[in-house]
Amino acid sequence: MAVSGTLIVNIVKANDLQPCDKNGLSDPYVKLEAAPEVHEEHGRRRSSLALGDFFRSKPQKKHSLRTTVMRKTLNPVWHENIEMELHDAEVIRIFVMDWDRMGGHDQCGVAELILQDLHLLNHVPKPLTVNLQPQGTLELTVELIDHTSLFGLDITSVVQREGMKVPNIMTQCFRYVEAHGLSEPGIYRKCGSLTSVLELKSKFIDDERYELPEGIPIDVVASLLKLYLREMPEPLFTNELHADIVAGARKIKSSDCADIIHALARLPQAHQDAVVALFAHLQKIRLQSDKNKMTAQNLATCFGPSIVSPSDQSNITEIGGDNIVVAALLENPFILEIAFGPDEEKEITKPRERARAKIGRVSNASLNHQGPFHSVFCKHTFSAARSMNFVAFAEACYDLGGLATHDDFDRADVAGKGNLSFDEFDAWARGSRLGRYATISPERQKAIQQMANYFRFFDKDGNGTVDAKEYPALHADLVTHEYALPADPDECLRVLDKNGDGEVSIEEFASWLLENDFI
């Protein structure tokens, strides 16, 4: 049976690998591929490649994913996630490779996973120990996210499919808790039986219009709601608006509500409807906190990580900010009413213009949308200082695909304080050679930052250039991944080295990738 969806494979560690180097060790990494076919032979299931042929085969260079390289070991430990988008796949092929700086990587071991035989449940990780051929084992965890299932489908698609403003599972949980658990001490803080929660989850997966019967323990229903919110592919407050919403919530105590209203009003409609319904429910819980002990802060602790935290936890710029958002909105319910209320100007259809119209009802504060450079700035600054020294400035420029000099920093430091505010960094970046970053799509912006991490691997001294000693490894890897480059290293260098200094800078590499639409 073919499998579709997102497969998250956590590569934990390998044991007793075959040595491939003269020193009796290997430099192993793991490479995965999805194969579309499994054949039947003599009553047994096998992949479309016999095991002997499978071991002699090489991994396809396209559509494969890999871990980092571990140096000089036969017992590497990774703890790395690989996400694979599967489309009618039946087999996952595993290649444990020995990295060679000059290319021609050897195989330490191979194995295969027949997906149907794993009996994977949606969103339930399954630990496995796989025997490698010719020797060794690989420990990993496999988790399938079925995007056609209720758990794992974005909320906009869910409400469109169900024909409702709010997903039925949320409505059912709200009604049940309000009927049976408003005064229950610790409601949403206590956990229900995992077995019972998963059984209830399967009911809604099988029938999205399922109605909760009487007699279910209240903690099981409460845990089901939290599980559904936690397993959304994108949180209710969205990944894109996370930083803006958290920053806006921090200003509410000083009576500045403009920024958070600005951000909330830009949420997609399905997210707005679900937020309104959820917070109306949580307000009912909060109003009985004298009985259930669930204050705004306690509810924020229970729901902040599920509905505010971005899908990629590495994008969190401020610890505790997610809980602040939930608590602030519970304590100031008028904010949601304004952000999601009717527009003063009905002809306004663009989200950003609509947000500005709504803010005008409560504040004359000027709106300063933080823009594409904000996340990079936050990544390299401490939340308390909110300023950037030269080292952080150089790292931020590297992430944007550029080199930074002390002259650049001095030009950006308009106030002459020796540290940059976000406004100074943003103004400099937009007017500099890195201004192109603001003109490309969010997908390409993300790809630029991924490219920077890739380039850092070869830029061993971290000076923003790959020199003559470092270049052969970069060239070998680019050729291995089948980029449209000459196989001859010198000829390839002439393509990448725009200024002819014999080195490849991060800016030259980024420009080459953008010009050729590789990112």
Colleague: Inspect the contact between Arg494 and Asp501 and indicate whether a charged nitrogen and a carboxylate oxygen are less than 4.0 angstrom apart.
Modeller: no

Colleague: Using every non-hydrogen atom in the two residues, find where Thr129 and Glu139 come nearest and quote the distance to one decimal.
Modeller: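 Taking every non-hydrogen atom into account, OG1-CG, 3.9 Å.
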
Colleague: What's the spacing between Phe455 CZ and Leu474 CG if we round to 0.5 Å?
Modeller: 6.5 Å

Colleague: With a 4.0 Å cut-off on N to O distance, would you call Glu503 and Lys469 a salt bridge?
Modeller: no

Colleague: So which heavy atom on Gly321 is nearest to which on Val246, and how close?
Modeller: CA-CG1, 3.7 Å

Colleague: Within the 3.5 Å criterion, strictly below it, is a donor on Glu85 or Thr6 matched to an acceptor on the partner's side chain?
Modeller: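 Side chains of Glu85 and Thr6: pair found under 3.5 Å.
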
Colleague: With heavy-atom distances below 4.5 Å as the criterion, would you say the side chains of Val30 and Trp78 are in contact?
Modeller: yes

Colleague: side-chain hydrogen bond (donor to acceptor under 3.5 Å, both in side chains) with Tyr437: which residues, sequence neighbours excluded?
Modeller: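 Partners of Tyr437 by the side-chain hydrogen bond (donor to acceptor under 3.5 Å, both in side chains) criterion, ordered by chain and then number, come out as Gln449.
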
Colleague: Please name all residues satisfying ring pair (Phe, Tyr, Trp, His ring centres under 6.0 Å) with His271, sequence neighbours left out, ordered by chain then number.
Modeller: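 Partners of His271 under the ring pair (Phe, Tyr, Trp, His ring centres under 6.0 Å) test: none.
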
Colleague: Can you name the residues that form a side-chain hydrogen bond (donor to acceptor under 3.5 Å, both in side chains) with Asp207, not counting sequence neighbours?
Modeller: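 By the side-chain hydrogen bond (donor to acceptor under 3.5 Å, both in side chains) rule, Asp207 matches no residue at all.
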
Colleague: Any sub-3.5 Å donor-acceptor pair from Ser26's side-chain atoms to Cys20's backbone N or O?
Modeller: yes

Colleague: Do Val130 and Leu113 touch side chain to side chain, with heavy atoms closer than 4.5 Å?
Modeller: yes

Colleague: Please assess Glu211 against Gln172 for the test side-chain contact (heavy atoms from CB on, under 4.5 Å), listing each intermediate value before the final yes or no.
Modeller: CA-CA 7 Å; Glu211 295 185 4; Gln172 289 291 319; 3.7 Å; yes

Colleague: For Arg189 and Thr301, indicate whether the former's side chain and the latter's backbone hold a donor-acceptor pair under 3.5 Å.
Modeller: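 No, the answer is negative, given that no donor and acceptor are paired below the 3.5 Å cut-off.
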
Colleague: Which residues pass the ring pair (Phe, Tyr, Trp, His ring centres under 6.0 Å) test with Phe237, not counting sequence neighbours?
Modeller: none

Colleague: Over all heavy atoms of both residues, which pair between Ser309 and Pro235 is shortest? Give the atoms and the distance, please.
Modeller: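 Between these two residues, the closest heavy atoms are O-CG, 3.2 Å.
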
Colleague: Taking all heavy atoms of Val326 and all of Ile307, pick out the closest pair and write down the distance.
Modeller: CG2-CD1, 3.9 Å

Colleague: Could you tell me whether a side-chain N or O of Thr156 sits under 3.5 Å from a main-chain N or O of Ala270, the two making a donor and an acceptor?
Modeller: no

Colleague: What heavy-atom pair brings Gly402 and Glu507 nearest, and what distance separates the two atoms?
Modeller: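 It is CA-CG, 3.2 Å.
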
Colleague: Mind checking whether Leu86 and Ile92 have side chains closer than 4.5 Å, heavy atoms only?
Modeller: yes

Colleague: Which residues pass the ring pair (Phe, Tyr, Trp, His ring centres under 6.0 Å) test with His281, sequence neighbours left out?
Modeller: Phe174, Tyr188

Colleague: Between Asp322 and His242, do the side chains contain a donor N or O and an acceptor N or O under 3.5 Å apart?
Modeller: yes

Colleague: Report yes or no: does Glu83 contribute a side-chain atom to a donor-acceptor pair with the main-chain N or O of Ile8 at less than 3.5 Å?
Modeller: no

Colleague: Taking the basic N atoms (NZ, or NE/NH1/NH2) and the acidic carboxylate oxygens, is any pair closer than 4.0 Å for Lys201 and Glu231?
Modeller: yes

Colleague: If the condition is side-chain hydrogen bond (donor to acceptor under 3.5 Å, both in side chains), which residues does Glu199 pass it with, not counting sequence neighbours?
Modeller: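 Scan of Glu199 (side-chain hydrogen bond (donor to acceptor under 3.5 Å, both in side chains), adjacent residues dropped) gives none.
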
Colleague: Could you check if a side-chain atom of Pro125 sits within less than 4.5 angstrom of a side-chain atom of Asn10, using non-hydrogen atoms only?
Modeller: no

Colleague: Examine distances only and state if a side-chain atom of Glu515 and a backbone atom of Trp512 form a donor-acceptor pair shorter than 3.5 Å.
Modeller: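 Not a single qualifying donor-acceptor pair exists.
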
Colleague: Is the count of non-hydrogen atoms from other residues, nucleotides or ligands lying under 6.0 Å from Lys190 atom NZ greater than 12?
Modeller: yes

Colleague: Glu80 and Thr68: side-chain donor and acceptor closer than 3.5 Å?
Modeller: yes

Colleague: Please examine the side chains of Gln450 and Asn453, heavy atoms only from C-beta on, and report whether any two atoms are closer than 4.5 Å.
Modeller: no

Colleague: Would a distance-only check, ignoring hydrogens and angles, find a side-chain to backbone donor-acceptor pair under 3.5 Å from His105 to Trp99?
Modeller: no

Colleague: Keeping the roles fixed (side chain from Asp21, backbone from Gly24), state whether a donor-acceptor pair exists under 3.5 Å.
Modeller: no

Colleague: I'd like to know if the side chain of Glu508 and the backbone of Lys498 have a donor-acceptor N/O pair within less than 3.5 Å.
Modeller: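 Indeed, once roles are kept as given, a pair shorter than 3.5 Å links the two residues.
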
Colleague: Are the side chains of Met451 and Ile506 in contact, using a 4.5 Å heavy-atom criterion?
Modeller: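 Sidechains of Met451 and Ile506: in contact.
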
Colleague: Determine whether a donor-acceptor pair (N or O, by modelled atom type, separation under 3.5 Å) exists between the side chain of Asp27 and the backbone of Asp98.
Modeller: no

Colleague: Please lay out, stage by stage, how Thr137 and Leu132 fare under the test side-chain contact (heavy atoms from CB on, under 4.5 Å).
Modeller: CA-CA 5 Å; Thr137 59; Leu132 300 170; 5.7 Å; no

Colleague: Going from NZ on Lys31 to CD1 on Ile82, what distance comes out if it is rounded to the nearest 0.5 angstrom?
Modeller: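 So the NZ of Lys31 and the CD1 of Ile82 are separated by 10.5 Å.
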
Colleague: Given the rule in the side-chain contact (heavy atoms from CB on, under 4.5 Å) test, do Tyr471 and Phe458 qualify, once you have shown the distances and angles that lead to the verdict?
Modeller: CA-CA 8 Å; Tyr471 168 72; Phe458 302 97; over 6 Å; no

Colleague: Is Lys226 paired with Asp219 through a side-chain N to carboxylate O contact shorter than 4.0 Å?
Modeller: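 Lys226 and Asp219: not salt-bridged.
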
Colleague: Do Thr73 side-chain atoms and Asn75 backbone N/O form a donor-acceptor pair below 3.5 Å?
Modeller: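 Yes, because the side chain of Thr73 sits within donor-acceptor range (under 3.5 Å) of the backbone of Asn75.
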
Colleague: Rounded to the nearest 0.5 Å, what's the gap from CG on Leu194 to CG on Leu227? Could you check?
Modeller: 8.5 Å

Colleague: Which heavy-atom pair separates Val12 from Leu140 by the least distance, and what is that distance?
Modeller: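 What the structure gives for the nearest pair is CG2-CA, 4.0 Å.
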
Colleague: Would you call Ile218 and Ile187 a side-chain contact if the rule is heavy atoms closer than 4.5 Å?
Modeller: yes

Colleague: Using a cut-off of 6.0 Å, state whether more than 12 heavy atoms not belonging to Arg456 lie near its atom CZ.
Modeller: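 Yes - once you tally the heavy atoms of other residues, nucleotides and ligands closer than 6.0 Å, there are more than 12.
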
Colleague: How far does CG of Leu153 sit from CD of Glu162, to the nearest 0.5 angstrom?
Modeller: 9.0 Å

Colleague: Would you please test Leu120 and Lys126 for side-chain contact (heavy atoms from CB on, under 4.5 Å) and show each step?
Modeller: CA-CA 7 Å; Leu120 296 176; Lys126 184 168 187 173; 4.0 Å; yes

Colleague: Enter the distance from Gln445:CD to Leu400:CG here, rounded to the nearest 0.5 Å.
Modeller: 9.0 Å

Colleague: Quick check: do Asp154 and Glu234 have side-chain heavy atoms less than 4.5 Å from each other?
Modeller: no

